K.L.:
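Below is the structure I would like to discuss, written out as structure tokens.
Since the structure is predicted, the reported quantities are computational estimates derived from the model, not experimental observations.
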Amino acid sequence: MASAFHPLALHAANPGPMTGHGNWTYLIMGGGSAALIDAGVGRPEHLAAIAGTLAASGSTLDTLIVTHGHNDHVNGTPHLQAAYPGLSCLKYPWPEEDRKLPIMWERLADQQHVSAGATTLAVVHTPGHAPDHCALWHEASRTLFTGDLVIPGGSVVIQIARGGDMQAYLASLERLLALQPARLLPAHGPPVENPQRVLTAAIAHRLEREEQVLAALAAGHSSIAGIAESIYHGLQSALMPLARENVRAHLEKLQREGRVPGAPTDSAHD
């Protein structure tokens, strides 16, 4: 039977075109100690919510665990370090991104166990959305903190320019499925109480897009822009750059697998 485990979701107050309704961060408290999963971007409302919750529970924030180095997950770290001297900041290494912030990161490793409040979480390296992406597994309750691996009701963007890798992303989803979680706590969207269905649907969605890319190539579309327009026809223009990134990621996977002969151009015309 799953044990009681009640992390507190705190919103990072950062809605926007790339973040949707914004990020959820998760505070785990116990025994006077607390750990925060993901840093948000340093908005005053988020920092005040953290401080108020800690004060009300008599807890001290001593650990920050960042799921990956994209801005909406990591940029609040300096603000948290300033507010909580001695805060340990943990993440999986992504050297070219990690050096952009003045943080002495403690390096996470796959299958490492880290303390969080009065409990322990296991690190599950899940690259694909970002090369340093990690999920965090609370085995006793079968709860997974999934960062940006799944977005309930939406799909995850795989940006090659930001370290994305479609092949690795699909493998990471399969790895999470194998854990047989009972609950997912994503960074965007509500908790997921039917993880097998949601993870399976995420995999199926990406494989469906892959077939659409192959069909667009067979129909004579010869550019990334043309393929994206044929698949995402009618999508808001502001979101088309993200659609093109997904197409690019699918094409790179297909090329590695020897299923398409060469790379379509970035030209706007077929």
Side-chain angles (χ1 to χ4, degrees), residues 1-12 14 19-31 33-40 46 49-50 53-54 57 59 61 63-68 70 72-73 90-92 108 110-130 132-157 169-206:
M1 180 180 295
S3 67
F5 180 55
H6 303 292
L8 182 65
L10 297 175
H11 199 265
N14 62 328
T19 59
H21 294 296
N23 293 51
W24 290 105
T25 66
Y26 295 94
L27 193 62
I28 302 169
M29 298 175 288
S33 174
L36 181 69
I37 296 177
D38 280 335
H46 184 217
I50 295 168
T53 303
L54 292 170
S57 68
S59 299
L61 184 65
T63 304
L64 169 68
I65 308 169
V66 171
T67 59
H68 64 293
H70 287 167
D72 52 330
H73 297 261
L90 287 63
K91 72 181 292 294
Y92 196 92
L108 292 176
D110 188 40
Q111 301 185 56
Q112 176 182 350
H113 286 77
V114 296
S115 296
T119 192
T120 300
L121 303 174
V123 176
V124 185
H125 184 216
T126 47
H129 176 66
D132 62 336
H133 196 290
C134 290
L136 298 160
W137 174 232
H138 187 253
E139 185 173 12
S141 66
R142 310 203 69 76
T143 297
L144 260 174
F145 298 88
T146 54
D148 278 0
L149 284 177
V150 290
I151 298 176
S155 61
V156 174
V157 177
Y169 176 66
L170 286 166
S172 291
L173 292 177
E174 293 283 3
R175 187 177 185 192
L176 296 190
L177 263 175
L179 290 172
Q180 299 185 344
R183 175 175 57 157
L184 309 181
L185 297 179
H188 300 272
V192 174
E193 305 296 343
N194 52 348
Q196 301 297 310
R197 188 173 75 184
V198 169
L199 290 168
T200 300
I203 294 169
H205 173 70
R206 291 268 58 99

K.L.:
Under 3.5 Å, is there a donor-acceptor pair between the side chain of S33 and the main chain of G30?
P.N.:
no
K.L.:
Tell me, yes or no, whether the heavy-atom count around Q112 atom CD, taken from other residues, nucleotides or ligands under 6.0 Å, exceeds 12.
P.N.:
yes
K.L.:
Do you know the tightest heavy-atom contact between R206 and S155?
P.N.:
NH1-CB, 4.0 Å
K.L.:
Could you pull out the closest heavy-atom pair between P181 and P195, with the gap in Å?
P.N.:
O-CG, 3.5 Å
K.L.:
As an exercise, state the distance from CG of L64 to CG of L90, rounded to the nearest 0.5 Å.
P.N.:
8.0 Å
K.L.:
Within the distance-only criterion (no hydrogens, no angle test), does the side chain of R175 pair as donor or acceptor with the backbone N or O of H125 below 3.5 angstrom?
P.N.:
yes
K.L.:
Treating Y26 as the side-chain partner and P186 as the backbone partner, does any N or O pair qualify as donor plus acceptor under 3.5 Å?
P.N.:
yes
K.L.:
Main chain of N14, side chain of T19: is a donor-acceptor contact present, judged purely on distance under 3.5 Å?
P.N.:
yes
K.L.:
If you take all heavy atoms of A182 and S141, which pair is closest and at what distance?
P.N.:
CB-O, 4.1 Å
K.L.:
Side chain to side chain contact (heavy atoms under 4.5 Å, CB included) for H70 and H129? Distances and angles first, verdict last.
P.N.:
CA-CA 10 Å; H70 287 167; H129 176 66; 3.2 Å; yes
K.L.:
In terms of heavy-atom contacts, does NE2 of H21 have more than 12 from other residues, nucleotides or ligands at under 6.0 Å?
P.N.:
no
K.L.:
Go through it in stages, so that I can follow the logic: the residues are F145 and L121, the test is side chain to side chain contact (heavy atoms under 4.5 Å, CB included), and I'd like the CA-CA distance, side-chain angles, deciding distance and then a yes or no.
P.N.:
CA-CA 10 Å; F145 298 88; L121 303 174; 4.1 Å; yes
K.L.:
Kindly indicate, with the supporting measurements, whether the criterion side chain to side chain contact (heavy atoms under 4.5 Å, CB included) is fulfilled by L176 and L184.
P.N.:
CA-CA 10 Å; L176 296 190; L184 309 181; 5.7 Å; no
K.L.:
Between atom OG of S115 and atom CD1 of I28, what is the distance when rounded to the nearest 0.5 Å?
P.N.:
11.0 Å
K.L.:
How about W24 and H188: do any of their side-chain heavy atoms sit closer than 4.5 Å?
P.N.:
no
K.L.:
Which heavy-atom pair separates P7 from R183 by the least distance, and what is that distance?
P.N.:
CD-NH2, 4.1 Å
K.L.:
Counting N and O atoms only, with roles assigned by atom type, does the side chain of H133 sit under 3.5 Å from a partner on the main chain of D148, one being a donor and the other an acceptor?
P.N.:
yes
K.L.:
Answer yes or no: is there a donor N or O on one side and an acceptor on the other, between the side chain of S172 and the main chain of G128, under 3.5 Å?
P.N.:
no
K.L.:
Tell me if a side-chain donor or acceptor on Y169 pairs with a main-chain N or O of L149 at a distance below 3.5 Å.
P.N.:
yes
K.L.:
Do the side chain of T25 and the main chain of L10 share a donor and acceptor less than 3.5 angstrom apart?
P.N.:
yes
K.L.:
For T67, is there any backbone N or O sitting under 3.5 Å from a side-chain donor or acceptor partner on D38?
P.N.:
yes
K.L.:
When you measure from the side chain of H73 to the backbone N and O of N23, does any donor-acceptor pair fall under 3.5 Å?
P.N.:
no
K.L.:
Which heavy-atom pair separates A34 from M29 by the least distance, and what is that distance?
P.N.:
CB-CG, 3.7 Å
K.L.:
Heavy atoms only: give me the nearest H46-A12 pair and the separation to one decimal.
P.N.:
CG-CA, 3.7 Å
K.L.:
For the pair L136 and V123, evaluate side chain to side chain contact (heavy atoms under 4.5 Å, CB included) and give the outcome as yes or no after the intermediate values.
P.N.:
CA-CA 5 Å; L136 298 160; V123 176; 4.1 Å; yes
